[in-house]
Amino acid sequence: MNEQPSASTVRVFIALAPPDDAKEELERELRPAYDAYPRMRWNRVEDWHITLAFLGELPVRIVPRLRHPLADLAARRAPVALALRGGGHFDDRVLWTGIDGDLAGLHTLATEVRELVGECGVTLEERPLRPHLTLARARRDDPSSVLEVAGALATFTGRRWYAERLHLVGSNFGRGPGPIRYRDIEAWSFTGEQ
């Protein structure tokens, strides 16, 4: 039996989000795949994000501890120049597009975020940063669709854009057939010098 998390917890992660025009550019590229593979569980475009740190299920009372330190971090950091590029998959079921641009800056930012989270008393699972944006999941009985769409995305190169805000994100607890929905708990602009 799947236990649903109680209202006293929230699933949390810290992320960057591409601007709307970069997402629209990728969405146009994906239109043929949407039509060809309607059974895939496509993530909503408005939920597309690049995860810097996945904090998992946290007690709601812990979340306020993160706000001030994350705001301070964002105030010290300049926007990061990135682009969406190519396609790939994890385990033949998860479709993603890759990230290009200032990858050294992205890795540095992720390291700083993860260290800060640890200083706030939240233990993170040690996972290397694999910069990507998750697009869809295949159903268990249809793994070939992810491989085909990833291949079609191989030559995609999106325009360069700046990640201008750091997002503290909570997800709903939908475990059914539909996509999980995300909402900003809070977001802060990067206002440091470039």
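The aromatic rings of Y182 and F13 sit perpendicular to each other, their planes meeting at more than 60°, with 30° as the lower class boundary.
You'll find the side chain of P131 reaches within 4.5 Å of the side chain of H107, heavy atoms only. Looking only at side-chain heavy atoms (C-beta outward), L124 and F54 stay at 4.5 Å or farther from each other. Looking only at side-chain heavy atoms (C-beta outward), L95 and M40 come within less than 4.5 Å of each other. With contacts defined as side-chain heavy-atom distances shorter than 4.5 Å, the pair I14/L116 does not qualify. Under the 4.5 Å side-chain criterion, counting only non-hydrogen atoms from C-beta, L16 is in contact with L106. In this structure the side chain of T51 never reaches within 4.5 angstrom of the side chain of T134, judged on heavy atoms. With contacts defined as side-chain heavy-atom distances shorter than 4.5 Å, the pair L166/L52 qualifies. A heavy-atom distance below 4.5 Å is not found between the side chains of V146 and Y37.
Between the D184 side chain and the A187 main chain, no donor and acceptor come within less than 3.5 Å of each other. Using a distance-only test at 3.5 Å, with no hydrogens or angles considered, no donor-acceptor pair links the side chain of R183 to the main chain of G170.
Residue V45 is not grouped with residue V94 when hydrophobic side chains (ILVMFWY) are merged at heavy-atom distances under 4.5 angstrom, including chains of intermediate members. Clustering ILVMFWY residues whenever any of their side-chain heavy atoms sit less than 4.5 angstrom apart, transitively, puts V63 in the very cluster that holds L70. Residues I62 and L73 share a hydrophobic cluster, clusters being chains of Ile/Leu/Val/Met/Phe/Trp/Tyr side chains in contact below 4.5 Å. Side-chain heavy atoms closer than 4.5 Å link hydrophobic residues (I, L, V, M, F, W, Y) into clusters, and following such links, even through other members, never connects L129 to F90. Put simply, I185 and L66 are part of the same group of oily side chains (I, L, V, M, F, W, Y) that touch within less than 4.5 Å, one to the next.
Considering T97, D100, T155 as possible partners of R85, the one that fulfils the side chain to side chain donor-acceptor pair (under 3.5 Å) test is D100.
Scored by the side chain to side chain donor-acceptor pair (under 3.5 Å) test, D141 finds R39 as partners (sequence neighbours excluded). Applying the side chain to side chain donor-acceptor pair (under 3.5 Å) criterion to W188, with sequence neighbours excluded, gives E186.
Heavy-atom contacts from other residues, nucleotides or ligands closer than 6.0 Å to CZ of R130 number 12 or fewer.
Salt bridge annotation for R159-D21: present, with a cationic side-chain nitrogen under 4.0 angstrom from a carboxylate oxygen. In summary, R77 and E112 engage in a salt bridge, as defined by a charged side-chain N under 4.0 Å from a carboxylate O.
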